[in-house]
Structure formats: structure tokens, C-alpha cells
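Notes for the one structure printed next.
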Amino acid sequence: MTPASSVGLTDAESSVADRRRVESDEALLQIEDLRVSFEGRDETVHAVNGVSLAVKRGEVFAVVGESGSGKSVSMLSVMGLLESPPARISGSIVFNGIELTTLSRRQMKSIRGSEIGMVFQDPMSSLNPVHPVGKQIAESVLLHRDVSRKAAKARALDLLDRVGIPDAGKRADDFPHEFSGGMRQRAMVAMALACDPKLLIADEPTTALDVTVQRQIVTLVNELQAESNMAVIWITHDLGVVAEIADRVAVMYAGRLMETGTADSIYSSTRHPYTSGLLRSIPRLDTPLVERLPEIPGSPPHVTTLLASCPFHQRCPLGESGCTDSLPELEDTGKGTMTACIHHRAMDAPGSIWPIEELSRSDDKSSELRHLVAIEGLKVHFPISRGGFRRKRLAVRAVDGIDLDIHSGKTVGIVGESGSGKSTLGRTLVGLETPTEGSILIDGKPLDTSSGAHRRRVQMVFQDPYSSMNPGQKVFEIVSEPMRIHKIGTPDQHHQRVAELLQMVGLRPDVIDRYPHEFSGGQRQRIAIARALAADPEVVVCDEPVSALDVSVQAQIINLLRDIQKRTDLALVFIAHDLSVVRQISDEMNVMYLGQVVERASRDDIFDNPLHPYTRALLAAVPVPDPHGKEARLSPPLEGDLPNPADPPTGCRFHTRCPVAVPGLCSEKVPEFREVAPGRWASCHLIEEGDKPILKIQKRETEEENNEPTQDEETNQ
Amino acid sequence: MRRAGLNRLGQYLIVFVVAVTLNFILPRLMPGNPLALIAGVDVGLLTPDQRAEIIEAAGLNEPLISQYFDYWKSILTGDLGFSYRSGRPISELIAERLPWTLLLAGGALVISAFFGIILGAISAWRRGKKLDLGLLSSMIALESLPSFWLGMLLISLFSVSWGLLPSFGAVTPASDLVGWDHVRDVIEHAILPVATLSVLSIPGVYLTMRYSMLEVLGEDFIRTARAKGASETRVLFGHVARNAMAPVVTFLAIRLAFAFGGAVIIETVFSYPGLGRLVFESVGGRDFPVMQAAFLVFTVAVLLANLAADFLYPLLDPRTRARNE
């Protein structure tokens, strides 16, 4: 704390002039030695451990880190949004020349929302459900501007229009639940911008959104930032998004800054083992596929004592006794980065410090492909209950006619936006939902959900390892439960089997007496995998198994699943929204849209030559962790939201959002899901069959070069 | 909205039909002869002629189904039969007693809602502080008090020891007060029973409100409101309160039903001439037709309270509003 505490705002403002002269007038936000700890009953968690950084006016500054790295906590303390107690904050935060840590509540209140706007992660829960959206935006204006209600409402409409809400005048009186996720996040942006702040803090603003909507929001913030020249602090764990938006990047770990620098220098010449490890471990679409993702061993630490040494040294390939002697500070490496590592000079060849994984690919699976599961014409509809007598027969068509084959030792990948029905498909496959129509045959026999029967053969790994385990059960009970349910083996055998399984998933067998809360997210997901394998299944359905995990841990779990598959000939159904993750593990890819598969092909085919316009849009929306050439790459985002699955569009279901849809054709005629090339299936009128199938829109471009007019294109684009 | 409302009404109508049917069946399932239910005396004491007369009058010789329809007819026309004890029409008895019970239950509802909501909100706002802990433990202590004991305690303090308030009845007997004096008299008589009922209802409302507030305070949109620069009072009234109220409304509706049931004991302790006391008296006198009718009234009251909550809820929480198509 500075000694000049309890200054009035006017005093502070008068001292602004002095300060400005001293400090560079470029720095809008200057944080010095920020420390935040939370005092709990049993332990004190040190969330931020001495962070100093400066954000310039008009720049986009990304703070990257895994969960627990202190990235959100440090920015919440800038906003004064941490409750104290339990939080204890020290250090200095100077914003626009004003020391924020010494401001009174009232003074802080006048800066929050007016000078600094903030957008949060989850747009579903960040808007008040009982007030209309327009009113909530107008509230921001009314709190800081001396204007009439009418003027505030008009401003709210303006803002909604500016963030791209169609028909803003009508939608302003809607409640948040009547908005889609993407529109809610747009509304949150509108709210944060209501008073033209000098700084926008965006805390994981796209993490809860689909990749297509993420692209919309990134584009929106980019545009708004360019228009208004406000500074943006973008907090995220996603190195892909950072590359697309950031001017400068700070990498955080265990409450410390590991490295800062321009986006270019961080991505191309990082001098920190952690940054380089992160960059290597994320699966990406723009590089050739590697057999095994490089991992960072271990998981991020939980800091309960003051740091005295490099917090990364246990996981670091360069870690040695020298690393524990002192806490490394940021040093100028002369390569465009400030890096906190005593070994940064050893990093001259980035990436090389990490052990090279053996790349032997054991493709030659001894056993032949065995056809395990056949799904035919599967439909799963959920009736919308309207109550009462004259019930209208409406249903959400979550899965609406899908055929799928699953073979042993192979991975079927399923991708699509949320609401595409991919999770319902997975849940139906393990018998958690009942098909409305169609059949699921296992070895030719229909799925039987009674214990000991077919259900044993199909198991599931869920998305959230925190809530998918009974917190009152010990690891042994959790892992052995499937065996008890399906009456496999004796209690002695259970113990032996659980120990084997735990070893297989990379946990020490002596953890059987612990409870789930004693494990990290990655470890819990390992336990979940052990549980899924306990009853010796032939198919395991993984529903977003890594999306709740830290970036540095995702690679471990993906590799683990692959290893297990190789050893056991297991069939995997891998459901995810992250295309680069699905690419890493799948043999066959299925792209789902509104309950139907719109394209199916082998992994390489679909990523090398995507055919369906939806597949192309999905792929184009995936951020690439490389800031080079981002302008060229940023294709226009896919417009709009997923239509209502209870009332899908006529004709081709994608035609309402399709950039190449032909009016009169795509909106009228339902495209057949057909084999457009050997082993390649797609449902689109515009795909031309053949050995090398193409989307007709491509063909037109080449034909135009040859000056050959074609008949059906004037209507396109 | 209107369609959904009609549907909701339809559901309540079904529940009402089921309740009336049960009310019709129950006495016929009871051990012994239905004559006993109607006549209220040992059937053995009646002469055969008397029996035939009663059976004829009560329609018990008709087939069950026409008895059932007759029962419906009498309910819909408000003819609930005659009290065996007093011989007066039951509808008249109920019309006489119901307002008093409504006064007690309604008064207690308003008072307990007022104090419960405010104390619950304060408690949640200062969670973990001394005030919160003090309120919380005293509310839990209050909740465990038996109602008759509290009623008798209040009588012994306010009526017997201090002589401030009357201890029984709804009005001073044979006083023939009119106008303002009458109102005052009624209020004086109602204070103790209403206070007893209220004190017993406050903890429930308080706990529901406190829990609901704590839940809402942890929501992301509260952080959003603070990030906008809203003051703490603005956060409390503009963002927390309305969200926290919805579960409390449901609780109050259920509580009203309890208040009707609780009235049996309270009205007995205070000799208050309400519906609860009527039930007590008719149980003592084996006056089955009256009991049957009183139960029907209780059922309808519970249904109405829930119906009101159902219609109030969407006003508080737009997510529960059925959308027009």
C-alpha cells in the first residue's frame, strides 16, 4: 500500500497530473508487485505472488494461464471485485494515474463500469434473469451518467445495435433466457462498453461459447477496440485465441508472471520452458499430425506457502537444484521477451529442451477390425412439455436420423456446435436415453440396459470430472462399482483389478482410500477413465473428456486414451467441440448439425479437404496459435446461431447460415446423405461426386478463370 | 400466457375433483355403518323405522354412483347438509367460522412474511457475522417451540399476569360494540393468536429467504452488477431481492396451508371461533358431516393458495413464463 492512503477522489485527480509527468503517459494500467492471498480455515492460498505489468492505452493485452494461475484473480483485484476478507491484497494498481488500492468503496464504484468495463466467462449466468436485457444495459448508463431514463434506454438500443444484435429495438425488452449464448455475450459486451471505458477486461469471454460464436465475439471485440482505441485485457487459457487478438502477452503460472512480450516474440521465440511446453502440447490444425502430443508432466501447483523458488521447476525439463535457490524475476532476454527463468539462455533453440517423444507408430494392429455397434436410423426426440390438456406435439429433435458404425480399436470422432445433438447421441449409445426411433445393435443384438448385459460393454467418460463422481465415495468404491453392478469377480479380484486399472491410467495404486476432492482435475479424469474401463467394456464413449481440464493436462489425457486403445483394442467414441483435439485422436470424423450427421470421412480427408460448407465453417473458426498472418486467416465468422432444434429449417437444415446456399434449392429440397467418394459421406446439394469430390462453389472459381460461364451461380454470394 | 394459465387451472380442477371424490369415499370406507356417520349415535339405539327414515333421507338406499352425483350436486349448490350436533346447515356454520380463520391465517401470513423476509435478507447480507449467527440460532430455537405451549405462555403473560389482552374468543361477549370500537375489539382478540401463529411461521420464511439470498448472492450476475459500478444497496434491491423472492413465495403458499391446519390447535388454545375450533368441536362430538365439510374447505384453501403462488411466480421470474407461440 502506498502511504498516501485515503485520498479523496479530487485529491487523487489533482495528483494525477504529477504522476503523469513521472510515469510514461502511455501506461494506462500499471500494476506493481501485486499480491493476493485468500485466508481459509485450514490454509492460506497465495493466488497472486508479486505481479508487475503495464498495459498501454489502446493495446490488446492477453493474460494467459491455466486455472489457478492467478490470471482472473489479479484482474478482479484491479476491478476491486474481490471480497476482503477472505482476500488480502497488497501492491499498487495505478489506473489512468489513480492509485486504485487506496480508493474508498464509493470512489472505486465510480470507476468500475465507467472507466473500466468487464466481460465475464459465462454469459448464461452473468446476466440477471429477471430484468430485460435492454434495462440491464441502461442501468450501466444510469449509474454513471446524469441522463434521463429515456436517454439511457436509447443508448442501450444503440449499443445493442453496435454489438450486432439484429432487430435491437425489439430484442431490448427480451429477457436473457430468450437470447442465445452468443447474443448474451454480445449484450455483456454492450453493457461493459456502455460508458465508453478506457479499459475493457474480458475474463475468458469465449470459453463457454462454441468455436463459431467465439469467432464472432473475437471479431466484434477486435472491431470495437479498433474504433474506440480502448485498451483490452483478454484473460484466457486458450493460446489460439490469444494469437488472433493480442498485441502483447503475459504468461502466468502459480500466481507469477513467467514471461511477457509481444505476441510475435512469445509465439516464435519464447525463452521460457513453460511457455514452450504449452505451445508444444496444444493440438493444432495448422501443423502435421503428430502421433503423440508432447506432454508437460504433472499438474499446476496449489500454492499454500510463499514461493521461494521457481514454481515450475518440478515439471520443467531444465529443472535442477539451482532452480530452487531463488525466485526468478523477469529479465530482458534480448529476444523481445521478458522471461523469469534462470535458464532462459538455454532456450535458444525453442522446444528442443523438451524430450523428443518416440514417434513409432504401431499401426499394424494384429487383430482385424471387428464391427461392434451398428446404429441405424436413430432418433431421440424430447417432447416439450406444455402441460395441460391440449398438449401440442412439439419435440426437440436432439438426434434426428443417424446411422453409425463402431469398430474395435478405432475412434469415431463426433464434432458440432452445442445443441447439435452430439452428447445425446453419446448418452443414447450407453443407454442413458431411450431411442424414439431406430435401433442400436451390439453384435447384432439390441442394446440391453439391464446390469450384466450389453450395458457393461459400452461405458462412458463424462466431461466434468468434478461433478461426475460421488464425493462421498473413495477411489476404490468409485472404480470398482461397475464390477459390482455387473457382478464381475470377487471382492479380492476387485482389489487386484482396481490396482491394475489405476496403474494403467497413471496413478499410484495406493490412492484407493482417498476421496475425489483430494485429486486435481487431470487425476480425476484418470480415475473416471479407470472407472469406465473397470467392467472391461468394448466401447467407451468420451463426452468432452478434456474440455474441463487445464491446457497442460489435456495432452496427457489424450495420450492416455490412445495408449489404452492401442493396448486393449478398445473402440472409442470421442465427442468434442474442439476440432483440433478430435483430429488428434479420431480415425473417422462425423460432423453433426441439428441432430444429423452432415459429413463423415476419415480424419485426414476431412481436415485436408473439407466438403460440407458447415465443416468448412467450423474448421475456419478454430483459432490457430500463431500470430503470423492472422489478418489473412481471419475469415468472416459464420453468421447467426443454431436454429431451434424443435423446429429445424426446411430443406437443408444448414441453409439459413450457409454462405453458399442456393435459394430455391437448398431451402426447399432435403439433401440426401450420400457417398460422394469412396468412404466419404456428406449431405449437401453442392458437392460434386467423384474420386476427388469438390464443393461446386470451388469449381465455379476455377471455371471462371477459364471464362466458362456456368448456369447456377449468379445466385451465390 | 393465457393458454398456459388455462392449463394450470385445468390441473387444479383435476386435483379438486380427486379431493372431492376422496371426501366422498372416505366416510364410506370407515368401519361401521354409514348411518353412524349421519346420525352420530350408536346404530343399535335406533328403531328400524328411524333407520329406514334416515337411510331414505340420506339417500343411502340409492346406488353408489347416484349418491356420488348427488354429493357433487350438493357441493356445487353449497348445500353441505346439517350438523348433527346443532342441527344447523353446515354451510351456514362454515360461513360463520371461516372469516375468523382467514383473519388469523392471513394476518399471520402477512406478519411472518414481512419479518421473515426482512430478517432473512439482513442475515444473508451479513452472513457469518455475529448478527447472522444470532438470528440463525434464535430462529432455529423458535421453530422448535410447540404451538400450544407458546399460546399458553402468551396467555399467561399478556392476559393473566399483565391483563393487557383478552385470552379467549374473537369478540367480547354480549358487548354489542359497533364501528371503530368493534374493529378495535376484534384486533385486540386477534393479537395473541396471530402472534402465536406468526412467531411459529417466521423461522420457516426466514430460513427460506436467507438460503435463497445466499444462493443469489453467489451468482455471476451479482458480480456483473458490481462490475457495472452499482452500489451495495442497489445490488441488494435491484438484483438480489427479486431473484431471491421467488422460492419464498412458494414457501408462503405452502405455509398458508399449514396455518389452516395449525389453526386447529391455536384456535382451541385461544377458544377462537374459527374453522379449526369447529373441527375440534366436531371431532369431540363425532359430528362427521361437519368434519367432512371442513376438510373440503381446507382442501380448497390449500389449492387456492398454491394457485396464487403459481400465478405470482412468473411475475417474479420471467423464465417460468410460458411463451406464446
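Chain naming here is simple, since letters A, B, ... match the order of the sequence lines and numbering starts at 1 in each. Remember, predicted model here, so these are calculated numbers, not experimental data.
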Chain B contacts, top residue of Val130(A), Leu143(A), Leu81(A) (heavy-atom pairs, under 4.5 Å)
Val130(A)
What pair of heavy atoms forms the shortest contact from Lys109(A) to Gly229(B), and how long is it?
CG-O, 2.9 Å
Evaluate whether atom OH of Tyr12(B) has more than 12 neighbouring non-hydrogen atoms of other residues, nucleotides or ligands under 6.0 angstrom away.
yes
More than 12 heavy atoms from other groups under 6.0 Å of OH on Tyr466(A)
yes
I'd like to check His131(A) versus Arg242(B) (side-chain heavy atoms, cut-off strictly below 4.5 Å). Are they in contact?
yes
Testing the basics here: between Phe221(B) and Pro129(A), what is the closest heavy-atom pair and its distance to 0.1 Å?
CE2-CD, 3.3 Å
OG (Ser126(A)) and CD1 (Ile222(B)) are apart, to the nearest 0.5 Å, by 11.0 Å
Take a 6.0 Å sphere around OH of Tyr211(B) and say whether it holds more than 12 heavy atoms from other residues, nucleotides or ligands.
no
Need one label for Arg105(A): side chain, backbone, both or neither, based on atoms under 4.5 Å from any heavy atom in chain B.
side chain
Nearest non-hydrogen partners of Asn128(A) and Gly238(B), listed with the distance:
ND2-O, 4.0 Å
Report which part of Leu316(B) has an atom under 4.5 Å of a heavy atom belonging to chain A: side chain, backbone, both, or neither.
backbone
Intermediate values then yes/no, side chain to side chain contact (heavy atoms under 4.5 Å, CB included), Thr224(B) and Phe120(A):
CA-CA 8 Å; Thr224(B) 307; Phe120(A) 297 98; 3.8 Å; yes
Highest number of heavy-atom pairs under 4.5 Å with chain B: which of Met191(A), Met79(A), Met118(A)?
Met191(A)
Segment of Met108(A) engaging chain B (4.5 angstrom heavy-atom cut-off)
neither
How about Glu83(A) and Arg226(B): do any of their side-chain heavy atoms sit closer than 4.5 Å?
yes
Check the surroundings of atom CZ in Phe38(A): do more than 12 heavy atoms from other residues, nucleotides or ligands lie under 6.0 Å from it?
yes
From CG (Asp220(B)) to CE (Met124(A)), nearest 0.5 Å
12.0 Å
Donor-acceptor pair, distance only, cut-off 3.5 Å: does the side chain of His144(A) make one with the backbone of Lys228(B)?
yes
Ionic contact status for Glu139(A) with Arg234(B), cut-off 4.0 Å:
yes
